[in-house]
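Chain letters run A, B, ... following the sequence lines, proteins first and then strands; every chain starts at 1.
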Amino acid sequence: MNAALDGRLADALARLPDYLGGHVRVSMAALALGIALSVPLALVSIRRPALRAVVLALSGVVQTIPGLALLALFYPLLLGLAMLSERTLGIGFSALGFVPAVLALALYSLLPVLRNAITGLTGVDPAIEEAALGVGMTRRQTLLLVELPLALPVVMAGVRTAAVWVIGTATLSTPIGQASLGNYIFAGLQTQNWVFVLFGCAAAALLALVFDQLLALIEDGLRTRRRLRAALGGLGIALVMLSALAPGWSRPGARYAIGAKTFTEQYILAALIEQRLAAAGLSAMRREGLGSSVILDALAANDIDVYVDYTGTIWANALHRTDAKPRADVTAEVGSWLKERRGVTLMGGLGFENAYALAMRRPRAAALGIRSIADLARAAPTLTIAGDYEFFSRPEWAALRAAYGLNFRAERQMQPEFMYPAAAAGEVDVLAAYTSEGRVAQYDLVVLEDPKHVIPPYDAVILLAPRAAGDQALADALQPLLGAIDVDLMRAANLRASAGGAGVDPSPAAVARWMWEEIEKRRRK
Amino acid sequence: MPRASVISFEQVGKSYDGLRTLDGVSLAIAEREFVAVLGPSGAGKTTLLRLINRLAEASEGTVRVEGEDVRVADPIGLRRRIGYVFQSIGLFPHMTVAENIAITPRLLGWDAAARAARVDELIDLVRLDRARHRDRFPHQLSGGERQRVGIARALAARPRIVLMDEPFGALDPLTRDALSRDFRELHDALGLTSVMITHDALEAVLLADRIVVVRGGKVIADAAPRALLGGDTDPYVRELMETPRRQAERLQRLIAGGA
């Protein structure tokens with residue numbers, strides 16, 4: 001077995017208590033809430049066919065919303081609620097992570113439990129119901145002594161389905177900041193760490209299997225009235241829950257939370273910040289894989305304390321600016337806007353830009369005689385362009401199209417890690433690449449000039465949450481990073497993380513350590 | 001002078017969705033009487049029975065149980081003091097034989113010891129075996145055993161009235177004969193007032209003190225079996241009673257010829 005694989009497995013195992021604990025906590029809370037909601041709903045709706053139809057239709061609609069979207073929708077909703085409650089009741093709560101994940105997953109668990117409970121309760125033989133009335137049972141006694149016990153196996157089958165769904169879908173709670181086994185999958189996809197991806201999938205599948213079997217044991221014990229079996233199943237679940245809640249499993253209360261978006265560079269920079277804080281004796285945890293739209297809100301709401309964003313992103317997405325200005329002006333305007341409108345401090349730039357740029361393979365560009373985006377406009381109708389998930393809905397893209405009259409044959413959205421191989425294979429002609437991306441050089445891409453200066457500058461800047469604004473210890477720990485990373489260093493770091501190489505540990509933490517050594521080397525010169 | 005009537009119908013009618021299932025029924029059933037309600041399918045027999053313990057409500061007229069108008073009685077209490085044997089048997093599949101038998105006493109709040117003693121008593125009474133049957137589930141029993149449990153359940157809370165809806169209909173002839181004779185013995189021994197629905201004239205003749213023939217929602221005959229066998233003015237009743245009479249005569253000839 002090679003050293004890199006060994007290192008990745010060890011890394012994965014080291015994170016298991018944290019991720020598995022988070023996963024179990026969030027899935028079980030969601031399942032419990034789902035059952036607590038759907039069983040009473042089933043009970044009130046069994047004798048009301050109209051209500052039953054509405055309830056089933058609504059829970060069916062919830063089921064059709066993709067898991068990732070449902071989870072993501074809960075974040076802004078809760079953020080609004082949290083602000084309202086803070087303002088009116090003086091009680092604030094974190095809209096990130098656990099609460100939205102539990103609510104969204106609970107909604108997901110409604111349908112199977114509800115449908116099975118209704119099927120089970122309405123499926124009781126009418127002759128048995130008649131007998132229940134005939135021996136002198138009240139409606140309530142009929143329900144408790146006859147209908148519920150007879151429906152129990154069907155209800156439990158619904159609970160088992162829900163448990164498997166919830167445990168599977170809980171892997172999608174990573175982008176809203178809830179630690180789960182999905183952290184392996186998201187981080188693994190970003191950093192091409194297939195050990196992580198497989199580890200996350202296998203762990204989630206195993207957890208689902210274990211829970212399903214424990215629930216099956218309870219169901220079987222209840223049906224055949226072997227109390228020992230039911231008790232064993234219950235005990236198993238209780239043990240899993242307890243171990244997830246045990247202090248050793250849960251994350252020790254870290255002082256700072258460091259945010260990271262969903263791409264390699266962000267994982268590396270978050271690791272770098274964590275290491276700097278640790279070196280200064282400050283405990284910190286990473287909240288990785290946060291959605292691009294979630295992360296600034298999370299910072300403004302003090303759910304995270306610090307992260308790295310890019311001035312152009314905020315310029316376009318938050319300030320809704322479509323013009324481009326010089327780097328210094330954009331940074332200054334973004335900084336004052338963040339302070340005034342969101343209470344967020346722009347601490348300073350890291351020293352490099354990670355701009356969107358249109359890039360082509362050098363031979364292809366040469367063959368078509370394309371050197372700038374203006375040249376590209378002529379050939380565009382015969383070409384295909386690939387971008388990340390957000391690029392084509394970003395204002396910069398609209399501005400580029402308008403300024404140069406770009407009109408491609410096809411636009412394809414891809415995971416950034418897959419765009420470069422796709423370009424190399426000739427499947428796409430043009431990439432919406434990032435200037436700090438290591439693979440621009442690796443894949444022999446040429447970055448096209450932007451003669452009309454449509455794309456704004458994207459300086460990487462450290463942003464601080466309102467509560468971290470006056471924190472001197474934090475500022476001191478982060479100070480050495482300001483202006484310390486040039487675009488070559490960032491490119492080299494990104495390349496190490498995505499491509500690895502002989503004797504190179506591609507994990508974000510290892511790359512971050514390598515970066516710090518490089519920074520120190522340069523400083524000594 | 002007839003004994004005081006335990007169940008009485010006074011001009012009772014019942015309509016379901018505009019459909020007339022019972023029309024102008026008047027009946028008086030005396031204490032300790034065993035009444036068979038005979039008639040074709042859809043005649044309104046089951047409705048008549050269900051009106052007694054308020055599993056159904058009369059559209060007009062008055063039904064009285066032990067002198068009390070059932071409309072003012074608490075239906076739950078009424079059902080708990082009237083035994084009911086279902087055509088479908090209707091044992092609770094998730095309860096053991098003992099739990100099925102003890103259900104009405106349990107609803108009435110008897111303590112566990114009293115219920116257990118009553119269960120043992122009833123298992124003996126309906127000729128089941130305590131050791132073999134007590135803790136079995138319904139699906140582990142034969143059809144005849146199941147209906148014995150059904151009868152035991154109906155008798156558990158010591159009712160004075162037992163209603164039976166084709167109780168022996170689904171059983172094989174041997175079991176049917178044995179069980180119906182056993183029940184008649186119980187009826188006499190316990191001093192019950194029993195109303196049994198059947199569509200089998202022979203069963204009605206052999207078991208009941210009195211036969212009420214219902215057809216099209218109306219009572220078209222009401223007399224002792226011997227009187228009905230002797231001939232009735234109604235052609236349907238005559239036809240109905242012909243069958244057991246002819247069967248008996250043929251059987252007699254067969255036995256006489258064979259001897």
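Here the closest non-hydrogen pair linking A/V135 and B/R153 is CG1-NE, 3.8 Å.
Neither the backbone nor the side chain of B/R54 has a heavy atom closer than 4.5 Å to any heavy atom of chain A. Neither the backbone nor the side chain of A/E129 comes within less than 4.5 Å of any heavy atom in chain B. For chain B, the nearby parts of A/L145 are the backbone and the side chain; heavy atoms of each come within less than 4.5 Å.
Most heavy-atom pairs under 4.5 Å with chain B: of the set A/G136, A/P149, A/A127, this distinction falls to A/G136.
Contact annotation for residues 86-119 of chain B against chain A (heavy-atom separation below 4.5 Å, listed by residue number): B/F86, B/S88, B/G90, B/L91, B/F92, B/P93, B/H94, B/M95, B/T96, B/E99, B/I103, B/T104, B/R106, B/L107.
For the salt bridge (charged side-chain N to carboxylate O under 4.0 Å, His left out) test, residues two or more places apart in sequence or in another chain that qualify with B/D69 are B/R71.
Atom CZ of B/R81 has more than 12 neighbouring heavy atoms from other residues, nucleotides or ligands inside a 6.0 Å radius.
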